[in-house]
Amino acid sequence: MSTASVGVGVEWCGVVWCGVVPSSAGVADVGSRSLTTQPPSNNADTVAHPFGTVACMGAHDQDHMRAIVQESLRPFAEALRDYAVAAADRPALPSAHSDAMRELSQEHQWSIPDWLEPARNAHTYGRVLCHHLLDHADSYAAIAASAWLGPSFAHASILRSVMEVATTAGWLLEPGLGTEKRIQRSTVYRMDSAVNLGRMKHVDHAANAAKEALRKVTDYAAAVGWPVVNLANAGRKSVGGEEMPFPDSDFSEVAFGKSNERFDRALWNYLSAQTHGTFYAVAQVLSPPPGITPDPLDPRGTVRGVGASSSNVLTVGGVLFCAVRSVVQRRDMLNGWTANDEEMDSAKRVATMTTETSVSFVP
């Protein structure tokens, strides 16, 4: 599994929130670098915002700067895309002597007539979520290479999705769990899916399907002797002591191999605010009058052309890459697969480019 040292500085209202993962010294401030290939003209304002510096420019400069940013990001985008494509290319079945195949050979111990293949289902859930992450990595590469209005927000929203899915996928695919624990986790995941489907109360067939799915999975747990406990948090349940992980506290453990809840919570809250359009997080599109300090809660000025700096996109992309690659490695370790040459080469290319910002990796 790869190791990583990741620094992210988050600033608004004069307050800096920073996190480093992993770090024996605790928290450190790691700054972002602005694009310096071409200095902005006199009619440009530079506005500090979370994850980097945004250049808010007049229309005359926007096309030129966007072209420069795109050109600077193209090698990174191509490497990330190549990695996603190569990492998605795997056999249909685990290798003969893998932990996954051993778990599949034991699933009869936990099979019942209403759920005949619980181990196969458990592995399928993890593999589907791994592909979900690779799809997001490929989409991030496309945004980095081709976005013309930004990226200002879309790339951060992709990282938010990756935070959530990687946390769950890494938990489902954790090597060395054994058959029983993996099926227990997949049962919790299946329950969580039913609870979420049940929130669609305005769609009759969805609500009915959710009730039936929850009944079946609860009956299954009872049939194999696993206690189901209702948790206090929004309908969550535990099965045999296993419960769903949280992206705002468990992401770093999956992505970097070391827990850092402060980093996870700060990153999750900010990315969620951007994704939901919370004003403090999207106020970066405002260009305030000269001499006025930007206030994320008191909009002044006008909306102008913006785009995140190249180091911003690389830093966010570096965190995304760490998370995706960690889940891919868990999947491969469980299934007895090895990365091909193209995957290893593209991973090193991503690492080389992201190391030049505030994200460093040891592939």
Side-chain angles (χ1 to χ4, degrees), residues 2 4 6 8 32-33 35 37 50-52 54 65-90 127-167 169-170 251 254-256 267 271 274-275 306-332 339-361 363:
S2 64
V6 180
V8 179
S32 299
R33 295 186 294 109
L35 178 67
T37 308
F51 289 122
V54 166
M65 286 301 295
R66 283 169 177 158
I68 291 174
V69 171
Q70 282 186 354
E71 188 62 30
S72 70
L73 290 172
R74 186 165 289 111
F76 162 76
E78 291 174 351
L80 184 59
R81 179 201 61 205
D82 291 347
Y83 173 78
V85 172
D89 183 17
R90 290 294 187 273
R127 288 189 65 177
V128 168
L129 292 187
C130 186
H131 189 81
H132 183 291
L133 292 169
L134 291 168
D135 180 68
H136 275 63
D138 185 40
S139 298
Y140 191 97
I143 287 176
S146 303
W148 199 246
L149 288 178
S152 298
F153 309 117
H155 65 307
S157 296
I158 288 179
L159 179 57
R160 182 192 185 275
S161 180
V162 165
M163 276 192 76
E164 188 161 21
V165 176
T167 302
F251 172 70
V254 171
F256 311 116
L267 184 60
L271 295 176
Q274 274 216 350
T275 300
V306 302
S309 66
S310 57
S311 61
N312 176 328
V313 177
L314 287 171
T315 299
V316 175
V319 176
L320 176 147
F321 172 71
C322 264
V324 173
R325 192 175 190 209
S326 176
V327 171
V328 167
Q329 290 174 326
R330 290 185 180 210
R331 178 202 65 184
D332 289 357
N340 56 43
D341 291 343
E342 183 179 359
E343 181 181 337
M344 294 297 294
D345 174 70
S346 57
K348 290 179 180 178
R349 284 155 54 204
V350 174
T352 298
M353 283 172 276
T354 51
T355 300
E356 296 174 357
T357 61
S358 57
V359 182
S360 61
F361 309 86

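Keep in mind that the numbers below use all heavy atoms, side chains included, and drop hydrogens, waters and symmetry copies.
Residues A156 and L271 approach most closely at O-CD2, 3.4 Å, considering heavy atoms. Between S346 and A79 the shortest heavy-atom distance is CB-O, 3.5 Å. For the residue pair V162 and A323, the shortest heavy atom distance occurs at CG1-CB, 3.9 Å. Residues R331 and A87 approach most closely at NH2-O, 2.7 Å, considering heavy atoms. Taking each heavy atom of G170 and R330 in turn, the nearest pair found is O-NH1, 2.7 Å. Summarising the geometry of R74 relative to A145, their closest heavy-atom pair is NH2-O, 4.3 Å, with the distance given to 0.1 Å.
In this view, A141 and A77, L80, R81 satisfy the side-chain contact (heavy atoms from CB on, under 4.5 Å) rule, not counting sequence neighbours. Here R349 pairs with D82, D345 under the salt bridge (Lys or Arg N to Asp or Glu O under 4.0 Å) rule; sequence neighbours left out. Judged as a side-chain contact (heavy atoms from CB on, under 4.5 Å), and not counting sequence neighbours, the contacts of A88 are H131, L134. The side-chain hydrogen bond (donor to acceptor under 3.5 Å, both in side chains) search around H136 returns S161, not counting sequence neighbours. In this structure S146 satisfies the side-chain contact (heavy atoms from CB on, under 4.5 Å) test with no other residue, sequence neighbours excluded. Every side-chain hydrogen bond (donor to acceptor under 3.5 Å, both in side chains) that S157 has, sequence neighbours left out, goes to T275. Residues satisfying the salt bridge (Lys or Arg N to Asp or Glu O under 4.0 Å) criterion with R90, sequence neighbours excluded, are D332, E343.
Counting only distance, with no hydrogens or angles, the side chain of S326 and the backbone of C322 share no donor-acceptor pair below 3.5 Å.
Using the six-membered ring where Trp is involved, F76 and Y140 have ring planes that are perpendicular, over 60° apart on the 30 and 60° scheme.
Annotation: salt bridge (Lys or Arg N to Asp or Glu O under 4.0 Å) contacts involving residues 155-164, sequence neighbours excluded, comprise R160-E164.
In this structure, the separation between CD1 on I143 and CD1 on I158 is 3.5 Å, given to the nearest 0.5 Å. To the nearest 0.5 Å, the span separating OG on S139 from NE2 on H155 amounts to 14.5 Å. To the nearest 0.5 angstrom, S72 atom OG is 11.0 Å from M353 atom CE.
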